[in-house]
Amino acid sequence: MSENVVPFHKHTDPPVPDAAPTVLTVVQDAPPARPVPLWVRSGRAVKTAVTHERTRSAGRSVVRHSLYTFNGGRIVARRAWDGRTGARYERMIRAAEAAGNLEAAEEWEERLQRFRAARHHRRMDLLHSPVDAAKGVAVGAGMSVGLLVALGIVMAISTGDAGHVVTPLSATIDFIALLIRIVQVVWGPALTIGPFLALLALWSVGRKQHAAPAWALPVNVRTGEGEPITPSIVVKALRDLGVPALARAIKEMGDAGASMLGPITIAGCGVEVDVTLPSGVATNEVQAKRRKLAENLTRHEHEVFITIPPAARTVRLWIADSGALDEPIGPSPLVTDETLTANYKTGRAPWGQDLRGDAAELSVYQRHLLVTGLSNQGKTAALRALALWLALDRSVQFWIADLKGIGDWAMFDGIAQVLIEGPSDDHVIQATEMVEDAVEEMNRRIEERRRDPAVVFEPLIVVVDEAQLAFMCPVKGEDGRPYGGAKATSRYFMAVRKIHNQGRAVDVLMWQGTQDPTDQNLPKLVREGAHTRASLVLGTESQAVMALGAKAVNGGAAPHLLRQGLDKGTLVVASDGIAIPAGQASITVRTHFIDDEPAAEIADRAKALRDGVTTLRVVDQGEERDALADLATVIGDAPRLRTNEALKRLHTLAPDIYGDQWTNDRLKALLEAHGEEPKKSHGVMVVHRDHVLRALANRDENGSASASE
């Protein structure tokens with residue numbers, strides 16, 4: 001039984017008839033490659049050989065050992081010169097004068113006079129020494145011959161042989177002859193080997209002193225990881241800093257350059273030393289060279305801090321042990337000690353550790369607070385840690401607006417009287433109204449204080465996290481005043497300013513957290529109204545000035561020199577509420593990190609201390625909607641719609657959401673956020689249906705947006 005096979009594959013090439021002629025295609029061979037000229041190949045080989053790492057290592061080795069010998073000779077010659085002359089004393093005098101220590105200069109001058117007097121006495125003795133030496137040689141020789149003859153007489157009497165009288169004398173002569181023969185034999189090789197031994201000795205001196213350029217030194221010496229800090233290392237680092245006046249002064253001081261240094265003391269995970277700069281060198285010249293100074297000290301830039309102590313013309317160097325700042329500092333006492341309590345008036349919050357390793361504790365009593373820094377560097381964690389500690393004081397009230405809205409402050413539900421969570425303009429409006437309510441509460445307390453000066457109020461802490469959203473909010477209220485901005489018409493700005501001006505007198509305090517500060521999202525009057533200003537890593541020095549003030553930055557505060565991503569939780573703090581070393585304007589604090597789970601446990605302890613607080617979660621008062629989708633709904637099939645008509649339809653659709661705060665500007669901002677905007681048609685602002693649909697498509701591509709944006 002035969003089967004018919006039906007092919008399902010369609011051949012794309014047409015069938016070729018059996019009688020079709022065979023077509024031959026001739027493909028020419030590629031032309032042979034042109035040979036590389038000999039001089040090119042030779043040049044490449046020479047370049048490869050010269051630039052090879054082994055060649056470079058060998059070159060560095062030759063230069064290093066050659067300079068060891070040469071500079072070793074210089075060191076030995078200088079030591080010999082110092083031993084024979086008063087050069088050492090003169091350098092000490094110049095060093096003392098440069099440091100302004102006149103007492104030490106006078107002491108070294110007296111030593112120089114004594115040295116010169118002793119040298120003069122020795123030189124005067126040389127005038128009489130040849131005669132005295134000749135007399136001494138004659139007397140010594142006569143006594144030696146007489147002693148040998150007397151010994152021979154004793155031997156002759158003992159043996160009865162008169163010839164033994166000259167035996168000791170002849171033995172001595174034979175011994176001297178033997179020494180002469182030994183010298184004759186050794187003298188030739190000694191003259192040959194002696195210079196090599198001398199060079200070896202000079203090389204050894206140079207090697208011990210690392211007397212060669214840094215690039216020629218071995219890798220372990222060049223990197224110097226973990227090298228202890230000594231006076232000579234500090235002086236050398238300052239000498240090579242690139243400040244001409246400082247280098248000249250140290251060169252004149254010579255080995256006495258260490259006289260600029262105070263005692264090197266252990267300070268936490270590093271050491272600290274005060275450096276008195278010579279005349280003509282300003283402290284800011286050293287501060288500006290922080291990176292170069294750190295590298296000269298074989299440290300990374302973030303491991304060296306330069307501050308200005310009270311003493312004039314002095315800089316204080318804190319130098320960390322290599323890698324010590326990358327180690328964690330341990331958990332917060334709030335986590336490890338469940339019996340810990342707080343006191344708003346007399347207590348101090350356990351915030352972290354300073355660079356010395358001592359506990360850094362902050363007093364928040366009647367102090368407005370500002371914490372700033374780049375995004376995702378630990379700002380919220382640092383601000384929340386203070387609030388968690390203060391929550392353990394049952395008398396303290398909290399009004400909190402978390403404009404990030406991802407649950408960082410959710411554990412304060414049941415502690416805070418007001419809790420706002422969300423990033424939309426509606427949440428910003430609610431936060432602004434919360435701060436304005438705090439102003440009214442402040443005014444009520446002030447009026448009550450006037451009637452009764454002895455009245456005591458419970459502290460009210462108003463917290464706004466991500467406050468830059470409030471300053472940048474474009475929405476206007478019913479009265480036409482914008483919620484954001486930095487002018488006198490801004491509702492949020494003016495409310496914060498009022499609390500800064502009078503709030504601390506009645507214990508109404510403003511705590512703000514903001515990121516990436518600029519004059520637009522953190523106005524000057526607001527940031528300068530905070531008593532405690534703390535900054536995490538920032539991008540520029542100008543931002544550091546915004547965050548901490550010019551005085552702190554000029555005094556050595558440098559949050560812009562912290563490492564983004566590596567120094568998370570490290571704050572530079574300017575405040576009178578924390579112990580700062582005398583003469584300094586700021587202190588660097590490595591804060592304890594409290595994760596969400598232990599933070600919730602601490603919050604539970606705070607709730608147990610309270611009688612019960614009903615938290616008004618303002619975000620729950622309204623229904624969340626997708627404004628862009630609602631706009632598309634109210635337009636329907638119409639190609640375009642007037643903005644006024646679109647706002648009316650939105651209000652009809654959801655009156656509680658699209659109230660009077662929705663204006664033409666807010667509608668425009670909604671579309672602009674997704675790459676579209678209303679346009680005019682015949683002089684009237686309209687919303688095009690196609691634009692709204694494109695905005696929805698753009699939004700879907702970039703991720704969903706909040707319902708009430």
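Residue numbers count from 1 along this sequence.
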Which atom of [X] lies closest to which atom of [Y], heavy atoms considered:
{"X": "Ala401", "Y": "Ala431", "answer": "CB-CB, 3.7 Å"}
{"X": "Asp240", "Y": "Lys292", "answer": "O-CE, 3.4 Å"}
{"X": "Ala237", "Y": "Leu297", "answer": "CB-CD2, 3.6 Å"}
{"X": "Pro278", "Y": "Leu246", "answer": "CD-CD1, 3.6 Å"}
{"X": "Glu303", "Y": "Asp321", "answer": "OE2-O, 3.9 Å"}
{"X": "Pro331", "Y": "Thr336", "answer": "CG-CG2, 3.6 Å"}

For [X] and [Y], indicate whether the former's side chain and the latter's backbone hold a donor-acceptor pair under 3.5 Å.
{"X": "Arg299", "Y": "Ala320", "answer": "yes"}
{"X": "Arg533", "Y": "Met546", "answer": "yes"}
{"X": "Ser66", "Y": "Val62", "answer": "yes"}
{"X": "Ser586", "Y": "Val572", "answer": "no"}
{"X": "Gln113", "Y": "Glu110", "answer": "no"}
{"X": "Asp337", "Y": "Pro333", "answer": "no"}
{"X": "Arg527", "Y": "Gly549", "answer": "no"}
{"X": "Thr532", "Y": "Leu369", "answer": "no"}
{"X": "His560", "Y": "Ala544", "answer": "no"}
{"X": "Asp393", "Y": "Tyr344", "answer": "yes"}

Leu509 and Asp507: side-chain contact (heavy atoms from CB on, under 4.5 Å), yes or no, with the steps? CA-CA 6 Å; Leu509 302 181; Asp507 292 308; 5.6 Å; no
Check whether the side chains of [X] and [Y] place a donor and an acceptor atom closer than 3.5 Å, and report yes or no.
{"X": "Glu285", "Y": "Gln287", "value": "no"}
{"X": "His592", "Y": "Trp351", "value": "no"}
{"X": "Thr265", "Y": "Glu272", "value": "no"}
{"X": "Gln515", "Y": "Asn521", "value": "no"}

Roughly how far apart are [X] [atom1] and [Y] [atom2], rounded to 0.5 Å?
{"X": "Tyr365", "Y": "Arg504", "atom1": "OH", "atom2": "CZ", "answer": "8.0 Å"}
{"X": "Asp465", "Y": "Thr380", "atom1": "CG", "atom2": "OG1", "answer": "3.5 Å"}
{"X": "Leu522", "Y": "Leu525", "atom1": "CG", "atom2": "CG", "answer": "10.5 Å"}
{"X": "Leu548", "Y": "Gln543", "atom1": "CG", "atom2": "CD", "answer": "11.5 Å"}
{"X": "Glu90", "Y": "Trp108", "atom1": "CD", "atom2": "CH2", "answer": "12.5 Å"}
{"X": "Thr372", "Y": "Leu538", "atom1": "OG1", "atom2": "CG", "answer": "6.0 Å"}

Would [X] and [Y] pass as an ion pair if we require N to O under 4.0 Å?
{"X": "Asp576", "Y": "Arg367", "result": "yes"}
{"X": "Glu107", "Y": "Arg111", "result": "yes"}
{"X": "Lys404", "Y": "Asp408", "result": "yes"}

For Arg291, look at atom CZ and say whether over 12 heavy atoms of other residues, nucleotides or ligands are found less than 6.0 Å away. no
Other residues, nucleotides and ligands only: do more than 12 of their heavy atoms fall within 6.0 Å of CZ on Arg74? no
Could you tell me if the side chain of [Y] sits less than 4.5 Å from the side chain of [X], heavy atoms only?
{"X": "Val553", "Y": "Glu541", "value": "yes"}
{"X": "Val537", "Y": "Thr570", "value": "no"}
{"X": "Thr314", "Y": "Ile308", "value": "no"}
{"X": "Leu390", "Y": "Ile461", "value": "yes"}
{"X": "Gln366", "Y": "Lys345", "value": "no"}
{"X": "Thr69", "Y": "His65", "value": "no"}
{"X": "Cys473", "Y": "Tyr492", "value": "no"}
{"X": "Pro559", "Y": "Leu536", "value": "no"}

Looking at Phe305, is Arg290 sitting on its ring face, NZ or CZ under 6.0 Å from the six-membered ring centre and within 45 degrees of the normal? yes
In sequence, state the C-alpha distance, the side-chain angles, and the governing distance for Arg384 and Val463, and then conclude on side-chain contact (heavy atoms from CB on, under 4.5 Å). CA-CA 10 Å; Arg384 189 179 68 182; Val463 181; over 6 Å; no
Would Trp318 and Thr588 count as a side-chain contact (heavy atoms from CB on, under 4.5 Å) here? Give the steps. CA-CA 11 Å; Trp318 185 86; Thr588 301; over 6 Å; no
Exactly one of Glu466, Gln468, Lys379 should register a side chain to side chain donor-acceptor pair (under 3.5 Å) with Thr514. Which one does?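 Testing Thr514 for a side chain to side chain donor-acceptor pair (under 3.5 Å) against Glu466, Gln468, Lys379 leaves exactly one candidate, Gln468.
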Give the ring-plane orientation class for His531 versus His368, where under 30° counts as parallel, over 60° as perpendicular and anything between as tilted.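 His531 vs His368 ring planes: parallel.
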I would like to know whether Leu202 and Asn71 meet side-chain contact (heavy atoms from CB on, under 4.5 Å); could you show each step before the answer? CA-CA 8 Å; Leu202 297 179; Asn71 291 328; over 6 Å; no
